[in-house]
Each structure stands twice: as structure tokens, then as C-alpha cells.
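As C-alpha cells, the structure follows; a few thoughts come after it.
Chain naming here is simple, since letters A, B, ... match the order of the sequence lines and numbering starts at 1 in each.
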There are 4 protein chains.
Amino acid sequence: MARTVGSNGPKTMEAIRKAGLRLIYTQGYEAMSLRRLAAEVGIQAGSLYNHITTKQDLLFDLIKVHMDELLERLDQALDGIADPEDRLQAFIAFHVGYHIARKREVFICYSELRSLESKNYDIVVGLRQQYERKLIGILDDGVASGRFTVADTTVAAYGILAMLTGVCTWFKPAGRLSKEEVTGIYTGMVRHGLVRTVDAPAVAEAT
Amino acid sequence: MARTVGSNGPKTMEAIRKAGLRLIYTQGYEAMSLRRLAAEVGIQAGSLYNHITTKQDLLFDLIKVHMDELLERLDQALDGIADPEDRLQAFIAFHVGYHIARKREVFICYSELRSLESKNYDIVVGLRQQYERKLIGILDDGVASGRFTVADTTVAAYGILAMLTGVCTWFKPAGRLSKEEVTGIYTGMVRHGLVRTVDAPAVAEAT
Amino acid sequence: MARTVGSNGPKTMEAIRKAGLRLIYTQGYEAMSLRRLAAEVGIQAGSLYNHITTKQDLLFDLIKVHMDELLERLDQALDGIADPEDRLQAFIAFHVGYHIARKREVFICYSELRSLESKNYDIVVGLRQQYERKLIGILDDGVASGRFTVADTTVAAYGILAMLTGVCTWFKPAGRLSKEEVTGIYTGMVRHGLVRTVDAPAVAEAT
Amino acid sequence: MARTVGSNGPKTMEAIRKAGLRLIYTQGYEAMSLRRLAAEVGIQAGSLYNHITTKQDLLFDLIKVHMDELLERLDQALDGIADPEDRLQAFIAFHVGYHIARKREVFICYSELRSLESKNYDIVVGLRQQYERKLIGILDDGVASGRFTVADTTVAAYGILAMLTGVCTWFKPAGRLSKEEVTGIYTGMVRHGLVRTVDAPAVAEAT
DNA sequence: AATGAATGAGTGTTCATTCAT
DNA sequence: GATGAATGAACACTCATTCAT
């Protein structure tokens, strides 16, 4: 009836976020029951409500915190870098690294967008667009300064993001390639093409 | 009490598949209730079971039929084309076109994989791998014949697929770019890079 | 859409009664679904209604037909026998024989009484009482004529019926005892006790 | 929205078992809906699941608890009695008394056997056989010590049990006969026959 | 006499959430 | 901060029954 000895508030909240993240990642938000979540945390379902307000709020919180951190860390990663080429390089390295490290958060940010109530949805989409605009801005700067040739700035940015984000779905830490190798390969593909023709100069063939 | 005049079996089944596809796309499989689905079709919830066996089977059917058709159409698109460059070009054009035309089917094939029971999951993943291997095969052929330079065949294939598939999330038929323009841009990005540096020829910079 | 070649009315009805009897015996009336019944017969559920009016009526019919036959056969078995002792003997032989041969009908007559709607229930209980009164009548005749000593006519009749009917639950045609042996044993137990004390004459001990 | 003041766990569970027993007795397990059960208890259907795991488990629990108690009480009733005649007498008295007192539990133990899932079925049948073997053991002891004459030990035991258990179906506490009178009559019928012939000594007639 | 598609009520069960303790 | 018992709505699914064909 009284609480389990040793448990306490902040620890419990942290356990809820951790278990929630894992369960939403593996089962999906709708499929995750709060009873299951509570069981993983080691408390009763009703006790969750000492820490969260609603299930929806837990989802939003997980996503919002992640998006905020993503944006903050990106700023840190780009801080002090001026040259568009260097900034693009830094963006790619950051994005790949972060998405490998936080694949679960990243995944639910994409897959559970539709589970967000409209107000929360708008906020998250806004944050995501902020992130996308950072990349578009880099490309635009490069184009404006005459350094980059880009077929279509927006399409390229979406292409880059889709390609890089895909790393979440297949990268294994213990696999054939290291994080650094992957980053290098992706950088090369972004800059020179994913599949190049050998004996005909790429420039001549360009549309 | 008996059936409404004019309704009939095959039409109802088609309506179920159509409404199911739309609802799963917009709400997700777990969030879609069969009552809602039935209401959209214009029948009672229980009547669905004259046409489907379970909710899970409806999902699997939608995905399976789509994957089968995807593979079949790809074969048609590549049929009679021998040169790796031409085959890659054809693959890209097919993939972009098909994914624009069937964005909902494509989306649920990715997003609802986790909602599939393990037996169904295995089947679908197997079909997906077949599709991926077609692309990897093209790349391998090109490399083997000395026509392609590819940093890493597998990573490149995953990169291409992620990049191209991303088209589903932003393409609007009435938007700025036509399907053909998008295909052209993507082809260029695959072959020469998404962001190239202007004054240094790509060839010279190639790894 | 048209009917299966070779099927026809009376045969189908007979198949329904046969399958219904078996299913009600093994699963119980409530637990038997008409879809299952139809499947066993080899038709669709809706087609049952060309032969039965309702599920309840099928149950009632099965029970009623059996009770009528039970009474009719009993009359045949007792026909022409006047002496109470002989009549009791004939009753026991008939009851055991019939209950072994029709164990499923007998079982559902007891176990599904509560599934009968009140009007049907009353009818069946009336028929059952008719049967019980036949036995009570035999006992009463024997007592009236000074041939029988019975502690309590009604209790004895219920006791005999319960004991004899129990044969349904354990008798196996291929078992240790033949139908005739079982009848003999039961007759003995009715007349002389189920467990007698050896060295003290039963008569002396009688209450 | 939360629970009604004054209600509490153990009381609710007891109310569920009581109402469940009554409803299964009157309607049968299949015919009893959990909504009806909940209504009788005064809670919502879903709230039942704070106390039971499944409907099947409630049935099994009711039966299992009864069988355990039946066996325990029988042991108490026979405790300290050595002579087979006395033990048989004690068994009859116990069985009749217990079955009159617990007619509903007894009834569902027989009638709802087929509603038990196979694992539960096996357990209950095992317990029932334990009970039957107690009686068979008494008869065997009596025969072994030369005190009893029994036509067939097993058939006699089944006959006794069927006959005595039948008391459940007709005994009325306010009826013509008291519990003690019924016990006396049954004992007499077991020992000396249900219907005896007056002028010919039973012993002489024995098979 | 059979089918297949429909109905509307019902099934056991799960859900997020509440709240007195 | 935790519990356990409650709510009321919802879930996927099954049911007996109907009827145009």
C-alpha cells in the first residue's frame, strides 16, 4: 500500500521516459498500454499519473525534448564554422552521428507524428522545419556564394535528409562499418553522387 | 435487416480495401477501429467479417498485394534493358513514378511493418529484400562491368532507396515540379551528387 | 449459388439433427454455433433456416422426439407384463438398454433442460414426469399388492432412476461388462442392495 | 468515476464468486454474461477484471475450491473410523449432507465439466476420481475383510454416487423429509436394496 | 433448397484515467 | 508517491437470424 522502499520521484520519471521510449519504438504509441509501461517501471498503472498528465503528453514530451536537443546540438556542431562546404560537412557528420546514437528517438519522431494531437503536431512539425531550414540555409549560402551547384535546393535537402536518416534503419554498431566510415561514405555520396560513371566525365553528362 | 438493395460482394470488398488503406495511412493500423472502417464502407462492423477474416489479415493483404505488384511492375519496367546505366535509370524512373502514384501503400508498407504478426512480417520483409536486391544487382553489374564507381554497393543502394522513397512525403501532383522533373532531378543527384562544388571538376575530386 | 448437386431436403434435415445432437452433446447448446452446425452438415448457416425455424426449436425438437420415443418404447417393453416384479425387471432392463444405446439424447435431455424456453421446458418436464410415474406406479402396485417393501416410493424411484441413468456416463460398449451383465448387476442392486453385509441376514437388519 | 465509497476488494471478490455460482447454476456457464454478473455485483463489466483473470478462470476457481473442500471435509468425516460398515455409513451421511448443503456447487461440478479448458478439465476429473476412489476403497476394504458382499465394486460405487447425488435435484429443505430421514432412507437402500420382495428372504434370492 | 451478404445485438476483454486510501 | 479498485467507453469479433438472389 505504501510505496516501495527506495523508489523516488525523479528516478521514477526517468524510468518512465526510458521505458516509454523503448515501448513506443518497438510497439508503437497506440499499441503501448500504460499498464505495460507501468509494469516495466515496476509500479501500478494508476501511479503513472503522479508523473505524467496523459499518455499523449508523455509522447509529446519525448518528442519535444528530443527535437529541442537535436536543434541545440546542431547549433553547437555548426558553431564557429563559416564556409558552406565545411558547414555541409559538419551537418552530415552531426546528423549521421546523432541519428546513430538516438535511433529510437529519431524513429518515433517520424513514425508517431500522426499520433500527436493537432496542437502538438504543429509544434513538432515546426521544430522539424527549423531543422530542415538549417540544411537548406547551408545549401542556399553555398549557391549564393557560387560555391555549390545544386539541381534544386529543396529537393536536395529532402534527399540528403532522407538518405542520411535512413542510416537508423540498418546501422549496427558492431557491423562491418564504423560510424566514421559511414559518415565518410555518405559525405562522398552527397558530394559526388551515389553511383558514378567511370570513363565519362560526370560534368559532361550532367543534365 | 437483410442486405441493402444494390450492394454486393466484390464491390464491398473493394470498398473495404480502399477505405482500409486510407484509414491505416492517416491513423495507423492500431488506431483504426473496425467500426470506423465499417462506417466508411457503409455497413455494420460485424458485416466486415463476411469479407475479411481478421483485422490483421486485412493489413497483411493490403501490404502483400502491394509488394507483389511492386515486384511485378519493376520486372516489367526493367524488361529488355541490359545496360546497367540504362537499368539504373529505369529503376529510378520506375521507383519515383510508382511511389508517387501509390504513396499510401508505400507508406504503410514501411510504417506498419511492426504491426504485422511475425509470420506475416517475415514474408513482407522477404519481399522487400527481393526488391532491394534488384537494385543492388544493378549496381553490382555496373561495378563488375567496370562501368560504375560505387563507394559501397549496399550503402549506396540503401541510400538511393531512402532518398527516392522520401519523395512520397513531400511530392504534390499540383506542386511546382512535375513527376518527370522530379525523376530527372533524382537521377542527376544519384549520378553526380546532391551538392557539387562548382569550380573544381567533380572528376578531379573523385575518391 | 444453386444448391449442391445431390443434396435434398429430408436428407439434409436428418443430417442437421444428427450433427446437432452430437454438437450439443459435446459442446452444449449455448456453445454450439449454427455456423459450426451448418459447416458440419456442409451447407451455409443461412440455409439451415430452410429446415429449422430457430435454434431453440431444434433443441426442443431433439428433446421432444426423444422423450416421445422413450415413452413409447417403454410402453412396448412393459406391454403384456402384469406382475409388479416382472414389470420392475422389465423396466430396469429397458432403461439400461435404452440409455446405453442413446446416451447422447439422454444426456442432453438432462443437461439442456435449462436451455429450454419456459413453454418448452414445461412440456419436457411433463413428459419426464410421465416416465417417472411409470416407475412409481410399478412400485406402488407392488406395495399395494403386498409384494414389495419400499422405504419411500418416491425416493426409491428417484434413486433407481439416478442410479440407472448413471450408466450413460461410464458404460463403454467394448468394456469389461456387456449390456446384459450390467443389467443383471443393476437389477440385483435394486432388489438386494448395493452393498450387503455378509453374515447378518439383510432382512433382520431392515429399518 | 472512482470507486463507490465503502466498496472494497475482498468483499467484491466474494460477491463475484457468490453471484457467479448462482448464475452458472441457473443459466449455465456459457449463457452467463459477464455484464450480467457484474450487474448483480453492482459494478461495471470491466471492473470484474480487477478480481478475476478470465471468465474461464472464475469457473475453474469455483469448481476447484469446491472439490478441494469436498475432499477435505470427507477426510474429516471419515477420520478415526476404521470399520468398513461404519465408514460406508459415514460416507453416505456425509455425501448426502454435503450435497444437500451445496447443491449448486455440486451441480456445476457435473454440468460444467465440458466448459473447462482441457488443462482445467484434467485437474478436476483427477480430483473427482480421488473422491470416487475413497468410496471404492471402503467397498474394497469391506470385501477384503469378508464383511461386504458386492456384485461389482466399481459399478456399485458409481451406482451409490449417482443415487446419492440425485438428492440434489429433488431435495427441498422445507419438504416432507428431513435431511436425517433422507440419509436414513438412502442408507437402507444402499444396504438392503431399493425395492425388496417381501416374502422371500433377500439372501436366498441373491445372484 | 442453397447462397452470400447483411443486420443489430451481444460477447469477453482492454483501455486510459480517476481517486479514496 | 504508491496502491487497488473503480469507471465508461471502446475494442475485435461472434452470434442467430433475415432475405434478395
Looking at D:E105 and D:K18, is any side-chain nitrogen of the basic one under 4.0 Å from a carboxylate oxygen of the acidic one?
no
Result for 5'-nearest mapping on DNA chain F, choosing between D:G46 and B:Y29, is D:G46
Verdict with supporting geometry, D:L58 and D:L37, side chain to side chain contact (heavy atoms under 4.5 Å, CB included):
CA-CA 11 Å; D:L58 174 60; D:L37 173 59; 3.7 Å; yes
Roughly how far apart are C:I16 CD1 and C:L23 CG, rounded to 0.5 Å?
12.0 Å
Does A:K55 reach the main-chain N or O of A:Y29 with its side chain, forming a donor-acceptor pair under 3.5 Å?
yes
Spacing of D:L34 atom CG relative to E:dT14 atom C1', expressed in whole Å
13 Å
Under 4.0 Å: is that the gap between some side-chain N or O of C:T12 and OP1 or OP2 of E:dA1?
no
If you assign D:S47 and B:E30 each to the DNA chain F nucleotide with the nearest heavy atom, which residue ends up on the more 5' nucleotide?
D:S47
Report the distance from atom CZ of D:R36 to atom P of E:dG12, rounded to the nearest whole Å.
13 Å
E:dA2 phosphate, OP1 or OP2, under 4.0 Å from C:H51 side-chain N/O
yes
Mapping D:T54 and A:M32 to their closest nucleotides on DNA chain E, which lands nearer the 5' end?
D:T54
Can you measure C:Q56 atom CD to F:dT17 atom C1' for me and round it to whole angstrom units?
15 Å
Which of E:dG12, F:dG8, F:dC13 is nearest the side chain of D:Q44? It is F:dG8
Separation of F:dT3 P from A:L48 CG (nearest whole Å):
10 Å
Applying the Watson-Crick and G-U wobble criteria at under 3.5 Å, what pairs with F:dA6? Answer none if nothing qualifies.
E:dT17
Using atom CD1 of D:I52 as one end and atom C1' of E:dT11 as the other, report the distance to the nearest whole Å.
14 Å
Would you say the side chain of D:R35 and the base of E:dG12 hold a donor-acceptor pair, judged only by whether the two atoms sit under 3.5 Å apart?
yes
G-U wobble or Watson-Crick pairing nucleotide for E:dA1 (cut-off 3.5 Å, both distances):
none
Can you check the B:L37 CG to F:dA12 C1' distance for me, whole Å?
12 Å
To the nearest angstrom, the CG-P distance between C:L58 and F:dA16 comes to 11 Å
Salt bridge flag under 4.0 Å for residues C:R114 and D:E112:
yes
Could you check how far OH of D:Y49 sits from P of F:dA9, rounded to whole Å?
19 Å
Side chain of B:S33 only, please: which of F:dA12, F:dA2, F:dT7 is the nearest?
F:dA12
